[in-house]
Each structure stands twice: as structure tokens, then as C-alpha cells.
Amino acid sequence: VQLQASGGGLVQSGGSLRLSCAASGIPFSGYGMGWFRQAPGKEREFVAAITWDGDSVYYADSVKVRFTISRDNAKNTLYLQMNSLKPEDTAVYYCTARRFGVPVTSKNDYWGQGTLVTVSS
């Protein structure tokens, strides 16, 4: 099983980035998917999640309106569109998969390796 996150980088405050997570080794359309992040010196926290069919999405209060989670089951890929980025969004972003339910907690089946997002002020 592999969850390969990409799309991170350095961006100025107010800018945008789009993260992708390519999944392999699992029946992607059978999994709820999500994004978590971990800032330096802080615990990993929930960012966004989406049901297997994309019908329902969930967001942390800190990213609502600014971030959009989506998925393409035909491409086995999860996305996170991040707009109006703030310095406090700086973190390593991880994608995660959960076979039953939606990954809104950290108790999930699989995790990717993470991609670093740095937002400069």
C-alpha cells in the first residue's frame, strides 16, 4: 500500500497550493480519505476528510472556506486545494485512508509520507 503525497512547497501568505495524494495497493473507491497536518513542535491535527463516494466532506474550523478536499476515484487520487494560505498553515501534510468510515481521527488504516507546506509572511 502506498499513499504518495505531492504538491507541497514554499508560498507567500495569501497564496494557493494544491496537494495531491496518489493511492496504490488499495481499492481506493472503498476508502474514506483525509488530510492531516503536523506543524513543528505540535501534534498532528485533522484538516479535512471525504467519504468514499465524495458525497460528504468535513473540515477543521481553521481551514473551512479556505481549503477544499476532493477525490477522483478513476485516478485513485485525493486532492486538497488550499487558498488564502496563512503562515500558521505551515506544516507537513499527510494523506490518510480509512476502510470503514471517514478519517476524522488519527485512528486510520494507512498514512502517506507527507509533503511540506511552508507559508511565508
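Remember, predicted model here, so these are calculated numbers, not experimental data. Side-chain atoms are counted along with the backbone in the values below, which use heavy atoms only and exclude waters and symmetry mates.
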Name all pairs fulfilling the disulfide (SG to SG under 2.5 Å) condition that reach into residues 30-64, sequence neighbours left out, sorted by first residue then second.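 Applying disulfide (SG to SG under 2.5 Å) to every pair that reaches into residues 30-64, excluding sequence neighbours, yields nothing.
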Return each pair, listed once, that meets disulfide (SG to SG under 2.5 Å) where at least one residue sits in residues 43-121; pairs must be two or more places apart or across chains.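 Every pair satisfying disulfide (SG to SG under 2.5 Å) with a residue in residues 43-121: Cys21-Cys95.
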With distance as the sole test, does [X] use its side chain to make a donor-acceptor pair with the main-chain N or O of [Y] at under 3.5 Å?
X     : Y      : answer
Thr90 : Val119 : yes
Arg71 : Thr51  : yes
Ser84 : Gly14  : no
Asn73 : Trp52  : yes

Closest heavy-atom pair and its distance - [X], [Y]:
X     : Y      : result
Thr96 : Tyr110 : OG1-O, 2.9 Å
Ala5  : Trp35  : CB-CZ3, 4.3 Å
Tyr93 : Val47  : CE2-CG2, 4.3 Å
Leu3  : Ala23  : CD2-CB, 3.6 Å
Gly15 : Val11  : CA-CG2, 3.8 Å

Is there any side chain to side chain donor-acceptor pair (under 3.5 Å) pair reaching into residues 4-19, and which pairs are they, with sequence neighbours excluded?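 Qualifying pairs, neighbours excluded: Gln2-Gln4, Ser16-Asn83.
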Linking I/L/V/M/F/W/Y whenever their side-chain heavy atoms sit closer than 4.5 Å, directly or via other members, would Leu85 and Ile69 fall into one cluster?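 Leu85 and Ile69: one cluster.
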Would Lys86 and Asp89 pass as an ion pair if we require N to O under 4.0 Å?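 No, no charged N to carboxylate O under 4.0 Å.
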